[in-house]
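Below is one structure; the comments refer to it alone.
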There are 2 protein chains.
Amino acid sequence: MNDDTRRNQPLFPISIVMKLTELSARQIRYYEEHELINPARTDGNRRMFSFNDVDKLLEIKSLIEQGVNLAGIKRVFELNQQAVSLLKNEVKNEQVSDAAIHRRLKRDLLHAGRLGKTSLIQGELSRFFH
Amino acid sequence: MNDDTRRNQPLFPISIVMKLTELSARQIRYYEEHELINPARTDGNRRMFSFNDVDKLLEIKSLIEQGVNLAGIKRVFELNQQAVSLLKNEVKNEQVSDAAIHRRLKRDLLHAGRLGKTSLIQGELSRFFH
DNA sequence: TTGACATGTTAGGTTATGTAACATAAGATA
DNA sequence: TATCTTATGTTACATAACCTAACATGTCAA
């Protein structure tokens with residue numbers, strides 16, 4: 001069993017997770033309802049949480065404490081995933097040389113100050129003044 | 001004048017920005033009040049917006065439409081900046097070889113699926129079971 | 001001097017959470 | 001096994017905080 005699989009094993013009932021995260025059961029269920037987590041279930045329909053689930057709940061808790069709402073948390077999770085994917089593609093492709101990665105990063109990151117995004121207003125302006 | 005400076009020039013009064021973004025004046029002011037934007041002011045205290053301000057407002061609008069609240073938008077902006085900075089440091093340091101960057105990215109991105117973050121629960125668990 | 005803009009207040013809809021009521025599952029014990 | 005207890009499930013209602021709209025009032029500028 002690899003590390004990834006191990007961290008996804010359903011191990012903890014909700015009572016344990018409440019103590020680990022200091023979140024109420026209501027909160028934990030609410031976050032599941034809104035698809036921020038997706039814990040496994042037992043035959044008897046009890047939630048069983050993995051290490052990854054708990055990690056996610058701790059990140060949710062931290063963001064909540066910063067005043068971020070659930071839609072925002074979802075977006076933050078997506079952004080993390082997106083940044084990872086963007087660079088995974090670069091790094092994973094064995095045919096791309098280190099130098100090419102270096103150049104690509106330089107272009108993407110140093111130029112616009114954003115990850116792969118072009119200016120929004122350009123499109124707006126052309127739509128507007130025609 | 002470079003491109004960056006040009007995009008920060010105070011050019012548009014709020015009426016223009018309202019049309020460009022299809023946001024109400026109240027909304028635009030509210031976002032300024034909560035420090036998501038920081039438009040320049042004329043001597044007479046009128047707001048004057050740059051291309052960058054408008055870009056930011058369009059991004060705010062898009063996130064608002066996804067249900068993200070202002071704290072979440074602030075976090076998203078920070079995350080963008082953070083990801084950029086993280087990699088800027090890698091790329092900017094001329095003494096770091098391409099190969100080293102490649103290795104570092106592989107470690108950071110392929111392993112944990114996060115940007116430079118280690119598992120949260122490890123610390124939690126050690127605090128808990130002692 | 002009239003239209004655009006500034007600030008402040010108020011009211012209403014949405015969201016996140018608490019709480020309570022009641023049903024079911026799991027585990028312990030007679 | 002039968003039953004008792006506790007943990008957990010779902011659902012409904014209440015509430016506080018957040019965001020927007022609407023309006024009032026004052027100021028700047030063409």
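In what follows, chains are A, B, ... by sequence order, proteins preceding strands, each numbered from 1.
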To the nearest Å, give me how far apart [atom1] ([X]) and [atom2] ([N]) are.
X       : N      : atom1 : atom2 : value
B/Leu57 : D/dT20 : CG    : P     : 12 Å
B/Glu22 : D/dT20 : CD    : P     : 15 Å
B/Leu70 : D/dA17 : CG    : P     : 16 Å
B/Asp43 : D/dT27 : CG    : P     : 18 Å
A/Met48 : D/dG9  : CE    : P     : 11 Å
B/Leu23 : D/dC19 : CG    : C1'   : 13 Å
A/Glu35 : C/dA16 : CD    : P     : 13 Å
B/Met18 : D/dA21 : CE    : C1'   : 12 Å

For residues A/Phe77 and A/Leu36, report the shortest heavy-atom separation together with the two atoms involved. CE1-O, 4.2 Å

Does the side chain of A/Ile28 come within less than 4.5 Å of A/Ile37's, by heavy atoms? yes

Regarding C/dT19, can its base be found pairing with the side chain of A/Arg26 as donor and acceptor, where the two atoms are less than 3.5 Å apart? yes

Between the base of C/dC5 and the side chain of B/Arg46, is there a donor-acceptor distance below 3.5 Å? no

For A/His34 and A/Thr42, take the nucleotide of DNA chain C holding the closest heavy atom to each; which residue's nucleotide lies nearer the 5' end? A/His34

[X] side chain N/O closer than 4.0 Å to the phosphate oxygens (OP1, OP2) of [N]?
X       : N      : result
B/Gln27 : D/dA21 : yes
A/Tyr30 : C/dT17 : no
B/Ser24 : D/dA21 : yes
A/Arg41 : C/dA25 : no
A/Tyr31 : C/dT17 : yes

A/Gly44 or B/Asn45: which one's nearest nucleotide on DNA chain D is closer to the 5' end? A/Gly44

Exam field: side chain B/Thr21 to backbone B/Val17, donor-acceptor pair closer than 3.5 Å: yes

Remember a base hit wins even if backbone is also touched, and classify B/Arg47 as base, sugar-phosphate or nothing at under 4.0 Å, heavy atoms.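 Sugar-phosphate, no base atom in range.
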
Nearest to side-chain heavy atoms of B/Arg29, which nucleotide of D/dC18, C/dA16, C/dT7: C/dT7

Could you check which of C/dT17, D/dC19, C/dA6 has an atom nearest any side-chain atom of B/Ile14? C/dA6

Which residue is it: A/His34, A/Glu35, A/Glu33? I am looking for the one with a side chain to side chain contact (heavy atoms under 4.5 Å, CB included) to A/Leu70. A/His34

In terms of side-chain geometry, is the basic nitrogen of B/Glu32 or B/Arg29 positioned less than 4.0 Å from the acidic oxygen of its partner? no

